[in-house]
Amino acid sequence: MPLSLSDEQTIEGLLENLPLDYQQTAIESKAFLRARKIKSPMELMHLVMMYCGVDQVLREVAGNVTLLNEKITDTAIQKRLRACGPWLKMILEQMWFSGVTKLPGALRFVLVDGSSLSVAGANGTSYRLHIAIDLVSLSIVHIEVTDKYVGESLAHYPFIEGDIVIVDRGYNQPQEIINITEKGILIVLRLNPYSMRLFSVGGEHKIKMYDELKKAKTDNICIPVWVSNGDNDYVEAWVHGRRLPLEKRAEARYKCKQRSKTGHPKQETLIYAEWQMVFTTVPVNVLETETIGALYALRWQIEVFIKRLKSLLDIDKLRCPEGSTLNEVWLYGKLLFTTLLIKRTDKAFSVDGIEPENPRKATPWRFWKTIRNEMKTIITGVFFWKKANLPMAKKVMEERSRKRQLQGLPPRVEKLLVAFA
């Protein structure tokens, strides 16, 4: 039976979700300069998908391209890929957040977090990902790649007026909270009582959360506060506190003592361990303490998202030394592959996120794996390999001449094998 493939099962169909002008931007960004063995920007994007999506090394990419078209070396592949970083970044910006708009009156919950990546052999962080996803659709809002010297900050993200941003305690930065509040953006974050300058409403006196928790009469409290940057700028907010159940309190206190260098943490530290404290600028008449706590718990979805980027798509498997231009290509190419994967998964399975009045029946990750396997088959193009090119492909994938030879049989063993052949 002859093989029949639909248009969607070809490389052209796979790349149809890219911006319409992606081939033109390849020329403008100088990623594609002239047609030689790689004859078009689409073929260049095919190389990117082989290197970043299928995770082929340079010599494997060269062999794969040789089987599909004509002979090309891994050195030629490397030269073309090195020029692709700015091009890939331009495409991602178009696909994610260029011209982002929101319908009047629409509500968007945005989860934000960062993740560190390290090259092989590094002692610490080499690059950072700054990630924002939509809580309801679980789709990408923004991802930015920076070097290790750029810390986590809300300034990285293109928020829109009316957004409710949910972040962890690493973002307890009063000035940034004041800045985004002035733009009409609301925030929900896990309070770090040591980092935030909290005052009573009106700014008359400073609030110490330890004192407030000690005098709490119930397991749920809500304290109206002002947060200050120290320069007489204030923002109205609320601190919602929920005391852990008895068994969880004992466990939290035990872990606190285990982490203490002396084994005897301060009473203040033990009290803080018994409470979940969430700071928010969302008015209390809109979301009360119990709902704010449940909403913050959904921040776990971005932790899962980052975990899947690493476990399913290997975004943390950097293969080049720190500072290499191929690392930039790898990261942006991997993020582009992820974006195409999400769009293709949504089209094939219409997997729901965390939507109103629609109980979740599945998570997207299993569907990611299924579509990932389909995409890898399309990218390698196994159904279109030219059998006549197999000898050339073998040649380009062979080891180069070097002093250290591949292991071979000892001479006497060779003679024995020949004698008993």
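Numbering starts at 1 and runs along the sequence shown.
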TODO: Begin from the C-alpha positions of W385 and N389 and carry the test side chain to side chain contact (heavy atoms under 4.5 Å, CB included) through to its verdict.
DONE: CA-CA 8 Å; W385 284 355; N389 288 6; over 6 Å; no

TODO: List the steps, then state whether side chain to side chain contact (heavy atoms under 4.5 Å, CB included) holds for V201 with E236.
DONE: CA-CA 8 Å; V201 175; E236 185 180 15; 5.5 Å; no

- [ ] Start with the C-alpha gap between F159 and V112, add the side-chain angles, then the distance that decides, and say whether side chain to side chain contact (heavy atoms under 4.5 Å, CB included) holds.
- [x] CA-CA 11 Å; F159 300 125; V112 167; 3.8 Å; yes

TODO: Start with the C-alpha distance between H240 and T280, add both sets of side-chain angles, then the distance that settles side chain to side chain donor-acceptor pair (under 3.5 Å), and finish with yes or no.
DONE: CA-CA 8 Å; H240 297 270; T280 182; 5.8 Å; no

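No side-chain heavy atom of T146 sits less than 4.5 Å from a side-chain heavy atom of L129. Between V54 and F337, the closest side-chain pair of non-hydrogen atoms is not below 4.5 Å. Two residues are said to be in side-chain contact when any heavy atoms from C-beta on lie closer than 4.5 Å; V227 and F279 meet this criterion. Between V278 and R242, every side-chain heavy-atom pair lies at or beyond the 4.5 Å cut-off. Residues D74 and V396 are not in side-chain contact: their nearest non-hydrogen atoms beyond the backbone lie 4.5 Å or more apart. In this structure, Q173 and S195 have side chains that are not in contact, with every pair of non-hydrogen atoms separated by 4.5 Å or more. Side chains of Y171 and L154 form a contact here, defined as non-hydrogen atoms less than 4.5 Å apart.
Here the closest heavy-atom approach between residue A252 and residue L244 is recorded as CB-CD1, 4.0 Å. Smallest separation of non-hydrogen atoms from V48 and C84: CG2-SG, 4.1 Å. Nearest heavy-atom pair, P86 versus A83, reported as atom, atom and distance to 0.1 Å: CD-O, 3.9 Å. What you find for G63 and A393 is that their closest heavy atoms are O-CB, 3.8 Å.
For residues 207-221, the set of pairs meeting the side-chain hydrogen bond (donor to acceptor under 3.5 Å, both in side chains) definition, not counting sequence neighbours, comprises D219-R243. Within the structure, salt bridge (charged side-chain N to carboxylate O under 4.0 Å, His left out) pairs that include any residue of residues 172-189 do not occur (at least two apart or interchain).
To the nearest 0.5 Å, the span separating CZ on F305 from CG on D113 amounts to 12.0 Å. Between the OG1 atom of T380 and the CG atom of L68 there is a distance of 8.0 Å, given to the nearest 0.5 Å. The distance from atom CD of Q23 to atom OG of S40, rounded to the nearest 0.5 Å, is 5.5 Å. Taking OG1 from T10 and CD1 from I378, the interatomic distance works out to 7.0 Å, rounded to the nearest 0.5 Å. For the atom pair OG of S115 and CG of D316, the computed distance is 8.0 Å after rounding to the nearest 0.5 Å. Here L331 contributes atom CG and L117 contributes atom CG; the two are 6.0 Å apart, rounded to the nearest 0.5 Å.
Both tests pass for K334 against the ring of W330: distance under 6.0 Å to the centre and angle within 45° of the axis. Figure legend: R319 and Y51 shown as a cation-pi pair, the cationic atom lying under 6.0 angstrom from the six-membered ring centre and within 45 degrees of its axis.
The only option from I166, V188, L189 that meets the side chain to side chain contact (heavy atoms under 4.5 Å, CB included) definition with R299 turns out to be I166. N64 pairs in a side chain to side chain contact (heavy atoms under 4.5 Å, CB included) with only one of the listed residues (H46, R59, M50), which is M50.
The backbone N or O of R169 lies less than 3.5 Å from no partner atom in the side chain of N192, so there is not a single donor-acceptor pair. Side-chain N or O atoms of D134 include one that pairs as donor or acceptor with a backbone N or O of S137 at under 3.5 Å. D55 places no side-chain N or O within 3.5 Å of a backbone atom of D314 that could act as its donor or acceptor partner. Between the side chain of Y157 and the backbone N or O of I131, at least one donor-acceptor pair lies under 3.5 Å. Of the possible polar contacts, one joining the R372 side chain to the L312 backbone as a donor-acceptor pair under 3.5 Å is found. A distance-only check finds a donor-acceptor pair linking the side chain of S153 to the backbone of A155 [under 3.5 Å]. Counting only distance, with no hydrogens or angles, the side chain of N327 and the backbone of C320 share a donor-acceptor pair below 3.5 Å. A donor-acceptor contact shorter than 3.5 Å is absent between the side chain of T281 and the backbone of L186. Side-chain N or O atoms of R128 include one that pairs as donor or acceptor with a backbone N or O of V150 at under 3.5 Å. Using modelled atom types, one side-chain atom of T377 and one backbone atom of N373 make a donor-acceptor pair closer than 3.5 Å.
Electrostatic pairing of R108 and D163 counts as a salt bridge here, judged by a charged N lying under 4.0 Å from a carboxylate O. Classification of E70 and K39 as a salt-bridged pair holds, one side-chain N sitting under 4.0 Å from a carboxylate O. With salt bridges taken as basic N to acidic carboxylate O contacts below 4.0 Å, none links R344 and E16. Between K148 and E322 a salt bridge is recorded (basic side-chain N to carboxylate O distance below 4.0 Å). A salt bridge is absent between E303 and K307: the closest approach of a Lys/Arg side-chain nitrogen to an acidic carboxylate oxygen does not fall below 4.0 angstrom.
Taking the six-membered ring where tryptophan is involved, the planes of F199 and Y234 are perpendicular, since the angle between them exceeds 60° and thus also 30°.
More than 12 heavy atoms of other residues, nucleotides or ligands shown are found within 6.0 angstrom of CD on Q175. Heavy atoms of other residues, nucleotides or ligands lying less than 6.0 angstrom from OH of Y194 number more than 12. Counted within 6.0 Å of CZ on R197, heavy atoms from surrounding residues, nucleotides or ligands total more than 12; the atom is thus considered enclosed. Counting non-hydrogen atoms of other residues, nucleotides and ligands closer than 6.0 Å to CG of L33 gives a total above 12. Within a 6.0 Å radius of NZ in K257, other residues, nucleotides and ligands contribute 12 heavy atoms or fewer.
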Under 3.5 Å, which donor-acceptor pairs link side chains of residues 261-271 to any protein atom two or more places apart or in another chain?
| unit_1 | atom_1 | unit_2 | atom_2 | d |
| --- | --- | --- | --- | --- |
| T262 | OG1 | S260 | OG | 3.3 |
| T262 | OG1 | H264 | N | 3.1 |
| E268 | OE2 | Y272 | OH | 3.2 |

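With no hydrogens or angles considered, a side-chain donor-acceptor pair links T25 and W87 at under 3.5 Å.
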